[in-house]
Peer 1: 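Pasting in a structure now, in C-alpha coordinates, and then I'll have a few things to ask.
Note: hydrogens, waters and symmetry copies are ignored here, and every other heavy atom, side chains too, is used.
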Amino acid sequence: MQQRNLTQWLTHLETAHSNGLIDMGLTRVAHVKHAMQLQPTCPVIIVGGTNGKGSTCAFLSQIYAQAGYKVGTLTSPHLLKFNERITINTHPVSDEQIVAAFERIELARDKISLTYFEFNTLAAVDIFQREHVDVMILEVGLGGRLDAVNIFDADCAIVTSVDLDHQQFLGDTIEQVAYEKAGIFRSAKPVICGQNPPPQNLVNHANEIGAELILFKKDFFFSKLENQQWSFHFSGSLKTRNRNALPIPALRGGYQLNNASCALAAIECLHERLPVDLGAIKRGLLMAENIGRFQVLPGRPICVLDVGHNPHAARALRQSLCSLPFAQHRIAVFSMLADKDIDGVLATVKDQFDEWYIAPLHLPRGMNLTDLQTKLQQHQIDHVKSFENIQAACTAALSAATENDRIVVFGSFHTVAEAMAVCK
(Lines give C-alpha, C1' and ligand atoms only; values in the text may rest on other atoms or scores of the structure.)
Protein backbone atom coordinates (compact mmCIF):
# COMPACT_ATOMS: atom_id res chain seq x y z
CA MET A 1 0.00 0.00 0.00
CA GLN A 2 1.26 3.47 -0.86
CA GLN A 3 2.30 5.47 2.19
CA ARG A 4 -0.18 8.17 3.23
CA ASN A 5 0.95 11.71 3.92
CA LEU A 6 -0.44 13.56 6.95
CA THR A 7 -3.31 15.18 5.04
CA GLN A 8 -4.39 11.80 3.69
CA TRP A 9 -4.16 10.25 7.14
CA LEU A 10 -6.34 12.94 8.71
CA THR A 11 -8.94 12.63 5.95
CA HIS A 12 -8.97 8.88 6.54
CA LEU A 13 -9.31 9.23 10.33
CA GLU A 14 -12.33 11.52 10.04
CA THR A 15 -14.42 8.61 8.73
CA ALA A 16 -12.45 5.52 9.77
CA HIS A 17 -14.17 4.79 13.08
CA SER A 18 -17.56 3.13 12.67
CA ASN A 19 -19.16 5.01 15.58
CA GLY A 20 -18.05 8.44 14.38
CA LEU A 21 -15.57 11.00 15.68
CA ILE A 22 -16.63 10.70 19.34
CA ASP A 23 -16.93 7.30 21.01
CA MET A 24 -16.45 7.52 24.76
CA GLY A 25 -14.70 4.65 26.53
CA LEU A 26 -11.20 3.41 27.34
CA THR A 27 -11.26 -0.31 26.50
CA ARG A 28 -10.28 -0.07 22.84
CA VAL A 29 -7.63 2.61 23.16
CA ALA A 30 -6.15 1.04 26.32
CA HIS A 31 -5.67 -2.23 24.45
CA VAL A 32 -3.66 -0.45 21.72
CA LYS A 33 -1.68 1.49 24.34
CA HIS A 34 -0.54 -1.80 25.88
CA ALA A 35 0.25 -3.29 22.46
CA MET A 36 2.47 -0.26 21.76
CA GLN A 37 4.07 -0.46 25.23
CA LEU A 38 3.27 3.17 25.92
CA GLN A 39 4.21 3.59 29.56
CA PRO A 40 5.52 7.05 30.48
CA THR A 41 8.40 7.03 32.94
CA CYS A 42 8.49 10.82 33.31
CA PRO A 43 5.92 12.86 35.30
CA VAL A 44 2.53 13.22 33.60
CA ILE A 45 0.22 16.20 34.17
CA ILE A 46 -3.34 15.79 32.91
CA VAL A 47 -5.34 19.01 32.53
CA GLY A 48 -9.14 18.93 32.44
CA GLY A 49 -11.88 21.49 32.93
CA THR A 50 -14.65 23.21 31.00
CA ASN A 51 -12.55 26.27 30.15
CA GLY A 52 -8.96 27.31 30.84
CA LYS A 53 -7.35 24.00 29.88
CA GLY A 54 -5.43 25.35 26.90
CA SER A 55 -4.08 28.39 28.74
CA THR A 56 -3.03 26.28 31.74
CA CYS A 57 -1.18 23.91 29.38
CA ALA A 58 0.47 26.90 27.71
CA PHE A 59 1.76 28.20 31.05
CA LEU A 60 3.02 24.78 32.15
CA SER A 61 4.71 24.10 28.81
CA GLN A 62 6.53 27.41 28.63
CA ILE A 63 7.60 27.49 32.31
CA TYR A 64 9.02 23.95 32.19
CA ALA A 65 10.75 24.69 28.88
CA GLN A 66 12.27 27.84 30.38
CA ALA A 67 13.48 25.74 33.31
CA GLY A 68 15.48 23.62 30.86
CA TYR A 69 13.22 20.59 30.64
CA LYS A 70 12.13 18.83 27.47
CA VAL A 71 8.34 19.19 27.47
CA GLY A 72 5.81 17.18 25.46
CA THR A 73 2.35 18.76 25.26
CA LEU A 74 -0.88 17.40 23.80
CA THR A 75 -3.71 19.90 23.24
CA SER A 76 -6.86 20.07 21.12
CA PRO A 77 -8.42 21.14 18.91
CA HIS A 78 -6.02 22.85 16.52
CA LEU A 79 -6.69 26.14 14.77
CA LEU A 80 -4.73 26.01 11.52
CA LYS A 81 -2.60 22.85 11.44
CA PHE A 82 -3.04 19.47 13.11
CA ASN A 83 0.62 19.60 14.23
CA GLU A 84 -0.34 22.30 16.79
CA ARG A 85 -1.84 19.49 18.89
CA ILE A 86 1.49 17.75 19.52
CA THR A 87 4.39 19.99 20.57
CA ILE A 88 7.84 19.58 22.07
CA ASN A 89 9.08 22.64 23.95
CA THR A 90 6.02 24.49 22.53
CA HIS A 91 7.03 23.78 18.89
CA PRO A 92 4.76 21.59 16.74
CA VAL A 93 6.30 18.27 15.73
CA SER A 94 6.80 17.46 12.04
CA ASP A 95 4.42 15.77 9.62
CA GLU A 96 6.93 12.93 9.37
CA GLN A 97 6.90 12.27 13.11
CA ILE A 98 3.10 12.17 13.22
CA VAL A 99 2.79 9.94 10.14
CA ALA A 100 5.37 7.52 11.58
CA ALA A 101 3.40 7.39 14.85
CA PHE A 102 0.12 6.81 12.98
CA GLU A 103 1.74 3.92 11.11
CA ARG A 104 2.90 2.36 14.38
CA ILE A 105 -0.63 2.70 15.78
CA GLU A 106 -2.07 1.11 12.63
CA LEU A 107 0.20 -1.92 13.09
CA ALA A 108 -0.56 -2.24 16.80
CA ARG A 109 -4.33 -1.80 16.66
CA ASP A 110 -4.91 -4.97 14.59
CA LYS A 111 -8.72 -5.00 14.11
CA ILE A 112 -9.52 -2.49 16.85
CA SER A 113 -11.26 0.61 15.54
CA LEU A 114 -10.03 3.96 16.94
CA THR A 115 -11.38 7.49 16.75
CA TYR A 116 -9.55 10.53 15.41
CA PHE A 117 -8.79 11.76 18.96
CA GLU A 118 -7.65 8.31 20.11
CA PHE A 119 -5.14 8.21 17.24
CA ASN A 120 -4.13 11.76 18.23
CA THR A 121 -3.55 10.81 21.89
CA LEU A 122 -1.62 7.62 21.17
CA ALA A 123 0.53 9.38 18.57
CA ALA A 124 1.40 12.19 20.98
CA VAL A 125 2.54 9.89 23.79
CA ASP A 126 4.36 7.61 21.33
CA ILE A 127 6.31 10.62 20.00
CA PHE A 128 7.00 11.98 23.49
CA GLN A 129 8.28 8.60 24.67
CA ARG A 130 10.60 8.28 21.67
CA GLU A 131 11.84 11.85 22.20
CA HIS A 132 12.56 11.10 25.89
CA VAL A 133 10.73 14.15 27.19
CA ASP A 134 11.13 15.09 30.88
CA VAL A 135 7.44 15.84 31.44
CA MET A 136 4.21 15.18 29.54
CA ILE A 137 1.30 17.63 29.67
CA LEU A 138 -1.89 16.06 28.34
CA GLU A 139 -5.05 18.10 27.81
CA VAL A 140 -8.36 16.26 28.16
CA GLY A 141 -10.36 16.35 24.94
CA LEU A 142 -13.85 15.76 26.35
CA GLY A 143 -14.86 15.20 29.98
CA GLY A 144 -12.17 13.14 31.66
CA ARG A 145 -13.30 9.77 32.99
CA LEU A 146 -13.84 8.24 29.53
CA ASP A 147 -11.45 10.48 27.58
CA ALA A 148 -8.55 8.83 25.77
CA VAL A 149 -5.88 10.65 27.81
CA ASN A 150 -7.21 8.88 30.92
CA ILE A 151 -5.54 5.63 29.85
CA PHE A 152 -2.45 7.29 31.32
CA ASP A 153 -2.02 7.88 35.05
CA ALA A 154 -1.61 11.49 36.11
CA ASP A 155 1.14 12.25 38.61
CA CYS A 156 -0.75 15.50 39.04
CA ALA A 157 -4.26 16.24 37.70
CA ILE A 158 -5.81 19.67 37.22
CA VAL A 159 -9.48 20.60 36.82
CA THR A 160 -9.48 24.30 35.95
CA SER A 161 -13.25 24.87 36.06
CA VAL A 162 -16.53 22.97 35.91
CA ASP A 163 -19.51 24.23 33.94
CA LEU A 164 -22.03 22.94 31.41
CA ASP A 165 -20.76 21.97 27.96
CA HIS A 166 -21.08 18.80 25.83
CA GLN A 167 -24.23 17.93 27.82
CA GLN A 168 -25.08 15.05 25.48
CA PHE A 169 -21.92 13.28 26.72
CA LEU A 170 -21.28 14.69 30.19
CA GLY A 171 -24.72 15.30 31.68
CA ASP A 172 -27.11 18.17 32.28
CA THR A 173 -26.00 19.25 35.75
CA ILE A 174 -22.77 20.69 37.16
CA GLU A 175 -22.49 17.70 39.52
CA GLN A 176 -22.75 15.20 36.66
CA VAL A 177 -20.08 17.10 34.72
CA ALA A 178 -17.88 17.25 37.84
CA TYR A 179 -18.04 13.46 38.23
CA GLU A 180 -16.77 13.05 34.65
CA LYS A 181 -14.00 15.63 35.12
CA ALA A 182 -12.85 14.01 38.39
CA GLY A 183 -12.25 10.74 36.56
CA ILE A 184 -8.66 11.85 35.82
CA PHE A 185 -7.81 11.81 39.56
CA ARG A 186 -5.52 9.10 40.91
CA SER A 187 -5.15 7.62 44.37
CA ALA A 188 -2.43 9.24 46.56
CA LYS A 189 -1.66 11.83 43.86
CA PRO A 190 -2.23 15.59 44.03
CA VAL A 191 -5.33 16.88 42.26
CA ILE A 192 -5.84 20.60 41.75
CA CYS A 193 -9.20 22.33 41.43
CA GLY A 194 -9.22 25.94 40.22
CA GLN A 195 -12.82 26.56 41.27
CA ASN A 196 -14.07 27.38 44.73
CA PRO A 197 -16.53 26.25 45.94
CA PRO A 198 -15.84 23.01 44.07
CA PRO A 199 -18.69 20.74 42.98
CA GLN A 200 -19.44 18.19 45.69
CA ASN A 201 -19.00 15.21 43.35
CA LEU A 202 -15.45 16.32 42.61
CA VAL A 203 -14.64 16.52 46.34
CA ASN A 204 -16.36 13.19 47.01
CA HIS A 205 -14.41 11.38 44.31
CA ALA A 206 -11.08 12.77 45.52
CA ASN A 207 -11.91 11.60 49.06
CA GLU A 208 -13.13 8.18 47.93
CA ILE A 209 -9.94 7.32 46.05
CA GLY A 210 -7.57 8.98 48.54
CA ALA A 211 -6.32 11.72 46.22
CA GLU A 212 -4.85 14.89 47.74
CA LEU A 213 -7.28 17.67 46.79
CA ILE A 214 -5.55 21.04 46.47
CA LEU A 215 -8.16 23.75 46.27
CA PHE A 216 -8.06 27.32 44.96
CA LYS A 217 -8.58 29.96 47.70
CA LYS A 218 -7.80 27.32 50.33
CA ASP A 219 -4.48 25.66 49.49
CA PHE A 220 -3.33 28.15 46.87
CA PHE A 221 -4.34 31.65 45.87
CA PHE A 222 -3.04 34.77 44.17
CA SER A 223 -3.02 38.44 45.07
CA LYS A 224 -2.74 41.20 42.51
CA LEU A 225 -0.21 43.91 43.31
CA GLU A 226 0.48 47.34 41.92
CA ASN A 227 3.02 47.89 39.11
CA GLN A 228 1.58 45.09 36.94
CA GLN A 229 2.67 42.34 39.32
CA TRP A 230 1.07 39.58 41.35
CA SER A 231 2.00 37.03 44.01
CA PHE A 232 1.24 33.33 44.25
CA HIS A 233 0.80 31.57 47.59
CA PHE A 234 0.83 27.77 48.03
CA SER A 235 0.31 25.72 51.18
CA GLY A 236 0.08 22.04 50.33
CA SER A 237 0.35 19.18 52.81
CA LEU A 238 4.15 19.13 52.78
CA LYS A 239 5.26 22.72 52.30
CA THR A 240 4.40 26.36 51.96
CA ARG A 241 5.82 28.60 49.26
CA ASN A 242 5.32 32.16 48.10
CA ARG A 243 6.25 33.34 44.62
CA ASN A 244 6.39 37.11 44.75
CA ALA A 245 6.67 39.96 42.22
CA LEU A 246 5.47 37.82 39.29
CA PRO A 247 4.77 39.58 35.98
CA ILE A 248 1.21 39.75 34.68
CA PRO A 249 0.95 36.90 32.12
CA ALA A 250 1.26 37.58 28.40
CA LEU A 251 -2.10 35.86 27.89
CA ARG A 252 -4.87 38.44 28.10
CA GLY A 253 -7.93 38.31 30.32
CA GLY A 254 -8.42 38.64 34.07
CA TYR A 255 -9.13 34.90 34.40
CA GLN A 256 -5.57 34.10 33.29
CA LEU A 257 -4.25 34.64 36.80
CA ASN A 258 -6.51 31.79 37.87
CA ASN A 259 -5.17 29.55 35.09
CA ALA A 260 -1.57 30.57 35.86
CA SER A 261 -2.18 29.78 39.55
CA CYS A 262 -3.40 26.27 38.65
CA ALA A 263 -0.22 25.77 36.62
CA LEU A 264 2.00 27.03 39.47
CA ALA A 265 0.19 24.78 41.95
CA ALA A 266 1.00 21.77 39.76
CA ILE A 267 4.62 22.89 39.49
CA GLU A 268 4.81 23.04 43.30
CA CYS A 269 3.29 19.56 43.59
CA LEU A 270 5.97 18.12 41.29
CA HIS A 271 8.80 20.28 42.60
CA GLU A 272 10.76 17.35 44.07
CA ARG A 273 10.97 15.64 40.66
CA LEU A 274 11.04 18.76 38.47
CA PRO A 275 12.52 21.73 40.36
CA VAL A 276 11.72 25.10 38.79
CA ASP A 277 13.37 28.40 39.70
CA LEU A 278 11.65 31.77 39.97
CA GLY A 279 13.33 33.08 36.81
CA ALA A 280 11.83 30.27 34.71
CA ILE A 281 8.38 31.02 36.12
CA LYS A 282 8.68 34.72 35.29
CA ARG A 283 9.95 34.04 31.77
CA GLY A 284 7.31 31.38 31.17
CA LEU A 285 4.47 33.68 32.24
CA LEU A 286 5.69 36.35 29.84
CA MET A 287 6.32 34.00 26.92
CA ALA A 288 3.24 31.76 27.08
CA GLU A 289 1.14 31.82 23.91
CA ASN A 290 -2.32 30.42 23.32
CA ILE A 291 -3.65 31.58 19.98
CA GLY A 292 -7.31 32.53 19.88
CA ARG A 293 -7.86 32.84 23.64
CA PHE A 294 -8.80 36.49 24.07
CA GLN A 295 -6.01 37.29 21.64
CA VAL A 296 -5.76 41.04 21.00
CA LEU A 297 -4.12 41.64 17.63
CA PRO A 298 -1.73 44.56 17.19
CA GLY A 299 -2.85 47.70 15.35
CA ARG A 300 -6.10 49.59 14.85
CA PRO A 301 -8.99 48.97 14.95
CA ILE A 302 -8.62 46.67 17.95
CA CYS A 303 -9.35 43.10 16.87
CA VAL A 304 -9.96 40.37 19.46
CA LEU A 305 -10.03 36.65 18.66
CA ASP A 306 -11.71 34.36 21.18
CA VAL A 307 -12.59 30.69 20.71
CA GLY A 308 -15.12 30.78 23.57
CA HIS A 309 -18.13 28.62 22.72
CA ASN A 310 -20.11 28.07 25.93
CA PRO A 311 -21.74 30.31 28.60
CA HIS A 312 -18.80 29.93 31.02
CA ALA A 313 -16.39 31.16 28.34
CA ALA A 314 -18.84 33.91 27.37
CA ARG A 315 -18.83 35.23 30.93
CA ALA A 316 -15.03 35.36 30.86
CA LEU A 317 -15.12 37.09 27.47
CA ARG A 318 -17.57 39.68 28.76
CA GLN A 319 -15.40 40.38 31.80
CA SER A 320 -12.32 40.81 29.62
CA LEU A 321 -14.12 43.10 27.16
CA CYS A 322 -15.26 45.32 30.01
CA SER A 323 -11.62 45.85 31.00
CA LEU A 324 -10.59 47.07 27.52
CA PRO A 325 -10.43 50.78 26.65
CA PHE A 326 -13.57 52.49 25.37
CA ALA A 327 -14.50 51.66 21.76
CA GLN A 328 -16.69 53.98 19.72
CA HIS A 329 -18.38 51.17 17.77
CA ARG A 330 -18.30 47.50 18.76
CA ILE A 331 -18.68 44.84 16.06
CA ALA A 332 -19.17 41.12 16.71
CA VAL A 333 -18.14 38.63 14.03
CA PHE A 334 -19.95 35.53 15.19
CA SER A 335 -20.85 31.93 14.43
CA MET A 336 -21.32 28.76 16.46
CA LEU A 337 -21.78 25.04 16.13
CA ALA A 338 -25.38 23.82 16.27
CA ASP A 339 -24.81 21.58 19.31
CA LYS A 340 -23.62 24.43 21.56
CA ASP A 341 -25.64 26.57 23.99
CA ILE A 342 -26.03 29.62 21.77
CA ASP A 343 -28.83 31.00 23.97
CA GLY A 344 -26.58 31.08 27.02
CA VAL A 345 -23.76 32.73 25.06
CA LEU A 346 -25.95 35.42 23.46
CA ALA A 347 -27.69 36.27 26.72
CA THR A 348 -24.29 36.82 28.36
CA VAL A 349 -22.57 39.04 25.77
CA LYS A 350 -25.28 40.72 23.71
CA ASP A 351 -24.91 44.05 25.54
CA GLN A 352 -21.23 44.23 24.51
CA PHE A 353 -21.88 44.85 20.80
CA ASP A 354 -23.52 47.49 18.65
CA GLU A 355 -23.55 45.43 15.45
CA TRP A 356 -23.35 41.75 14.57
CA TYR A 357 -21.75 40.27 11.43
CA ILE A 358 -22.80 36.62 11.21
CA ALA A 359 -22.08 33.75 8.85
CA PRO A 360 -22.58 29.98 8.87
CA LEU A 361 -19.78 27.52 9.54
CA HIS A 362 -19.75 25.17 6.56
CA LEU A 363 -19.36 22.00 8.63
CA PRO A 364 -21.72 19.13 9.46
CA ARG A 365 -22.12 20.54 13.00
CA GLY A 366 -22.23 24.18 11.90
CA MET A 367 -25.32 26.27 12.55
CA ASN A 368 -26.93 27.41 9.30
CA LEU A 369 -27.56 31.06 8.54
CA THR A 370 -31.34 30.90 9.02
CA ASP A 371 -30.99 29.39 12.50
CA LEU A 372 -28.33 31.95 13.43
CA GLN A 373 -30.59 34.79 12.32
CA THR A 374 -33.53 33.32 14.25
CA LYS A 375 -31.49 33.01 17.45
CA LEU A 376 -30.34 36.62 17.31
CA GLN A 377 -33.93 37.77 16.69
CA GLN A 378 -35.13 35.75 19.69
CA HIS A 379 -32.60 37.63 21.84
CA GLN A 380 -33.82 40.95 20.40
CA ILE A 381 -30.45 41.64 18.80
CA ASP A 382 -30.80 44.22 16.04
CA HIS A 383 -28.27 45.61 13.56
CA VAL A 384 -27.33 42.21 12.12
CA LYS A 385 -25.57 41.70 8.78
CA SER A 386 -25.33 38.26 7.21
CA PHE A 387 -22.52 36.86 5.06
CA GLU A 388 -21.71 33.70 3.14
CA ASN A 389 -18.72 32.83 5.35
CA ILE A 390 -16.65 34.16 8.23
CA GLN A 391 -13.86 35.47 6.00
CA ALA A 392 -16.37 37.66 4.15
CA ALA A 393 -17.80 38.86 7.48
CA CYS A 394 -14.31 39.74 8.76
CA THR A 395 -13.40 41.57 5.56
CA ALA A 396 -16.60 43.63 5.78
CA ALA A 397 -16.03 44.40 9.47
CA LEU A 398 -12.48 45.57 8.82
CA SER A 399 -13.71 47.79 5.97
CA ALA A 400 -16.47 49.31 8.08
CA ALA A 401 -14.50 49.88 11.29
CA THR A 402 -12.55 53.05 12.09
CA GLU A 403 -9.43 53.08 14.23
CA ASN A 404 -11.49 53.88 17.34
CA ASP A 405 -13.74 50.84 16.91
CA ARG A 406 -13.40 47.25 18.13
CA ILE A 407 -14.01 43.96 16.32
CA VAL A 408 -14.46 40.75 18.31
CA VAL A 409 -14.45 37.40 16.51
CA PHE A 410 -15.85 34.59 18.68
CA GLY A 411 -18.15 31.59 19.06
CA SER A 412 -16.03 28.61 17.99
CA PHE A 413 -12.52 27.40 17.21
CA HIS A 414 -13.74 27.15 13.62
CA THR A 415 -14.91 30.79 13.62
CA VAL A 416 -11.51 32.03 14.79
CA ALA A 417 -9.58 29.71 12.44
CA GLU A 418 -11.48 31.09 9.41
CA ALA A 419 -11.01 34.66 10.61
CA MET A 420 -7.25 34.28 10.98
CA ALA A 421 -6.87 34.27 7.19
CA VAL A 422 -8.19 37.86 7.18
CA CYS A 423 -7.40 39.28 10.65
CA LYS A 424 -3.61 39.30 11.00
Peer 1: Considering residues at least two apart in sequence or located in another chain, which fulfil the salt bridge (Lys or Arg N to Asp or Glu O under 4.0 Å) criterion with Lys33?
Peer 2: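 Salt bridge (Lys or Arg N to Asp or Glu O under 4.0 Å) check on Lys33 returns nothing, list empty.
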
Peer 1: Identify the two heavy atoms, one from Ser76 and one from Phe117, that lie closest to each other, and give their separation to 0.1 Å.
Peer 2: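 Minimum heavy-atom contact is OG-CE1, 3.6 Å.
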
Peer 1: Please walk me through it: do Phe234 and Cys269 pass side-chain contact (heavy atoms from CB on, under 4.5 Å)?
Peer 2: CA-CA 10 Å; Phe234 180 86; Cys269 290; 4.1 Å; yes

Peer 1: Begin from the C-alpha positions of Glu180 and Gln176 and carry the test side chain to side chain donor-acceptor pair (under 3.5 Å) through to its verdict.
Peer 2: CA-CA 7 Å; Glu180 296 297 329; Gln176 286 176 318; over 6 Å; no

Peer 1: Can you check whether Glu175's main-chain N or O pairs, donor with acceptor, with Gln200's side chain at less than 3.5 Å?
Peer 2: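 Pair absent, no side-chain N/O of Gln200 close to backbone of Glu175.
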
Peer 1: For Ala148, does its backbone N or O pair with a side-chain atom of Glu118 as donor and acceptor, under 3.5 Å?
Peer 2: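 Checked: no pair found.
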
Peer 1: Please examine the side chains of Phe102 and Leu13, heavy atoms only from C-beta on, and report whether any two atoms are closer than 4.5 Å.
Peer 2: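 The answer is yes, as the side chains (C-beta and beyond) meet within the 4.5 Å cut-off.
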
Peer 1: How about His78: does its NE2 atom have over 12 heavy atoms from other parts shown lying under 6.0 Å from it?
Peer 2: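 Counting neighbours around NE2 of His78, more than 12 heavy atoms of other residues, nucleotides or ligands fall under 6.0 Å, so yes.
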
Peer 1: Using distance alone, with no hydrogens and no angle criterion, decide if His414 and Arg365 have a side-chain donor and acceptor under 3.5 Å apart.
Peer 2: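 No donor-acceptor contact under 3.5 Å links the two side chains.
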
Peer 1: Using ring pair (Phe, Tyr, Trp, His ring centres under 6.0 Å), reason through Phe353 and Phe410 one step at a time and then give a plain yes or no.
Peer 2: CA-CA 12 Å; Phe353 302 104; Phe410 74 105; 5.5 Å; yes

Peer 1: Between the main-chain N or O of His379 and the side-chain N or O of Lys350, is there a donor-acceptor pair closer than 3.5 Å?
Peer 2: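 Flag set: sc Lys350 to bb His379 pair under 3.5 Å.
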
Peer 1: Counting only heavy atoms not in Gln8, do more than 12 sit closer than 6.0 Å to its CD atom?
Peer 2: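 Counting other residues, nucleotides and ligands, CD of Gln8 exceeds 12 neighbours.
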
Peer 1: Is the shortest heavy-atom distance from the side chain of Val162 to the side chain of Ile174 under 4.5 Å?
Peer 2: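 Answer yes - side chains close enough.
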
Peer 1: Test your reading of the model: is there a side-chain donor-acceptor pair from Gln352 to the backbone of Val349, 3.5 Å cut-off?
Peer 2: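 Between the backbone of Val349 and the side chain of Gln352 there is no qualifying donor-acceptor contact (under 3.5 Å).
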
Peer 1: Kindly indicate whether the side chain of Gln3, heavy atoms from C-beta on, has any atom under 4.5 Å from the side chain of Glu103.
Peer 2: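 Result yes, sub-4.5 Å side-chain heavy-atom pair found.
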
Peer 1: Less than 4.5 Å apart, any side-chain heavy atom of Ser261 and any of Trp230?
Peer 2: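 A side-chain contact under 4.5 Å exists here.
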
Peer 1: Glu139 and Leu74: side-chain contact (heavy atoms from CB on, under 4.5 Å), yes or no, with the steps?
Peer 2: CA-CA 6 Å; Glu139 180 188 348; Leu74 165 70; 5.6 Å; no

Peer 1: Would you mind reporting whether Asp134 and Cys42 have side-chain heavy atoms less than 4.5 Å apart?
Peer 2: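 No, side chains not in contact.
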
Peer 1: Out of Thr7, Ile98, Asp95, which residue meets the side chain to side chain contact (heavy atoms under 4.5 Å, CB included) rule with Phe82?
Peer 2: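 The passing option is Ile98.
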
Peer 1: Any side-chain heavy-atom pair from Met36 and Asp126 closer than 4.5 angstrom?
Peer 2: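 Yes, close enough: below the 4.5 Å cut-off.
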
Peer 1: Hey, does the side chain of Asn389 reach the backbone of Gln391 with a donor-acceptor pair shorter than 3.5 angstrom?
Peer 2: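 Here the side-chain-to-backbone pair exists.
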
Peer 1: Quick check against the 3.5 Å criterion: does Thr348 have a side-chain atom that pairs as donor or acceptor with the backbone of Arg315?
Peer 2: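 No, the answer is negative, given that no donor and acceptor are paired below the 3.5 Å cut-off.
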
Peer 1: Under the 3.5 angstrom rule, does the side chain of Tyr69 hit a backbone N or O of Pro275 as a donor-acceptor pair?
Peer 2: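 Flag set: sc Tyr69 to bb Pro275 pair under 3.5 Å.
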
Peer 1: Over all heavy atoms of both residues, which pair between Gly308 and Ala313 is shortest? Give the atoms and the distance, please.
Peer 2: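 Looking at all heavy atoms of both residues, the closest pair is CA-CB, 3.6 Å.
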
Peer 1: Please tabulate, for side-chain N and O atoms in residues 246-256, each donor-acceptor pair with protein atoms closer than 3.5 Å (sequence neighbours left out).
Peer 2:
residue: Gln256; atom: OE1; partner: Ser55; partner atom: OG; Å: 3.4
residue: Gln256; atom: OE1; partner: Asn259; partner atom: ND2; Å: 3.0
residue: Gln256; atom: NE2; partner: Ser55; partner atom: OG; Å: 3.1

Peer 1: Show, in sequence, the C-alpha distance, side-chain angles and deciding distance for Phe152 and Met136, and conclude whether the side-chain contact (heavy atoms from CB on, under 4.5 Å) test is met.
Peer 2: CA-CA 10 Å; Phe152 302 102; Met136 295 187 195; over 6 Å; no

Peer 1: Check whether Glu84 reaches the backbone of Leu79 with its side chain - one donor and one acceptor, N or O, closer than 3.5 Å.
Peer 2: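 Here the side-chain-to-backbone pair exists.
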
Peer 1: Going by distance alone, is a donor N or O of one side chain under 3.5 Å from an acceptor N or O of the other, for Gln129 and Gln37?
Peer 2: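 There is no such pair (donor and acceptor under 3.5 Å, judged by atom type) between the side chains of Gln129 and Gln37.
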
Peer 1: Has the side chain of Asn196 got a donor or acceptor atom that lies under 3.5 Å from a matching backbone atom of Phe216?
Peer 2: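 Yes.
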
Peer 1: What heavy-atom pair brings Lys53 and Thr160 nearest, and what distance separates the two atoms?
Peer 2: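 Looking at all heavy atoms of both residues, the closest pair is N-OG1, 4.0 Å.
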
Peer 1: Is there a side-chain contact between Val125 and Val44, using heavy atoms and a 4.5 Å cut-off?
Peer 2: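 Result no, sub-4.5 Å side-chain heavy-atom pair not found.
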
Peer 1: Tell me whether the count of non-hydrogen atoms from other residues, nucleotides or ligands lying under 6.0 Å of CD1 in Ile88 goes above 12.
Peer 2: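 It does: Ile88 CD1 has more than 12 such atoms within range.
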
Peer 1: Do the rings of Phe334 and Trp356 sit parallel, tilted or perpendicular, given the 30° and 60° boundaries?
Peer 2: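 Ring orientation of Phe334 relative to Trp356: perpendicular.
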
Peer 1: Tell me the salt bridge (charged side-chain N to carboxylate O under 4.0 Å, His left out) pairs involving residues 54-70, sequence neighbours left out?
Peer 2: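 Every pair satisfying salt bridge (charged side-chain N to carboxylate O under 4.0 Å, His left out) with a residue in residues 54-70: Lys70-Glu131.
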
Peer 1: Can you confirm whether Val47 sits close enough to Thr75 that some side-chain heavy atom of one is under 4.5 Å from a side-chain heavy atom of the other?
Peer 2: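 No, too far: nothing below the 4.5 Å cut-off.
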
Peer 1: Which atom pair, heavy atoms only, marks the closest approach of Leu114 to Val29?
Peer 2: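 Closest heavy-atom pair between Leu114 and Val29: CD2-CA, 4.0 Å.
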
Peer 1: At their closest point, which heavy atom of Thr41 faces which heavy atom of Arg273, and how far apart are they?
Peer 2: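 Reported closest heavy-atom pair: O-NH2, 3.7 Å.
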
Peer 1: Can any side-chain N or O of Asn83 pair as donor or acceptor with the backbone N or O of Val93 at less than 3.5 Å?
Peer 2: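 Pair found, side chain donor or acceptor close to backbone of Val93.
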
Peer 1: Checking side chain to side chain contact (heavy atoms under 4.5 Å, CB included) against Val140, which of Thr121, Asn150, Val159, Asp147 comes through?
Peer 2: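 Per the side chain to side chain contact (heavy atoms under 4.5 Å, CB included) rule, the option paired with Val140 is Asp147, out of Thr121, Asn150, Val159, Asp147.
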
Peer 1: Show the numbers, then the answer: is there a side-chain contact (heavy atoms from CB on, under 4.5 Å) between Glu268 and Ile214?
Peer 2: CA-CA 11 Å; Glu268 294 301 336; Ile214 295 170; over 6 Å; no

Peer 1: Go through the steps to decide whether Lys375 and Asp371 satisfy the test salt bridge (Lys or Arg N to Asp or Glu O under 4.0 Å), and finish with yes or no.
Peer 2: CA-CA 6 Å; Lys375 283 295 183 186; Asp371 289 345; over 6 Å; no

Peer 1: Restricting to non-hydrogen atoms, name the atom on Gly54 and the atom on Asn290 that form the minimum distance, rounded to 0.1 Å.
Peer 2: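 That closest heavy-atom pairing would be C-ND2, 3.1 Å.
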
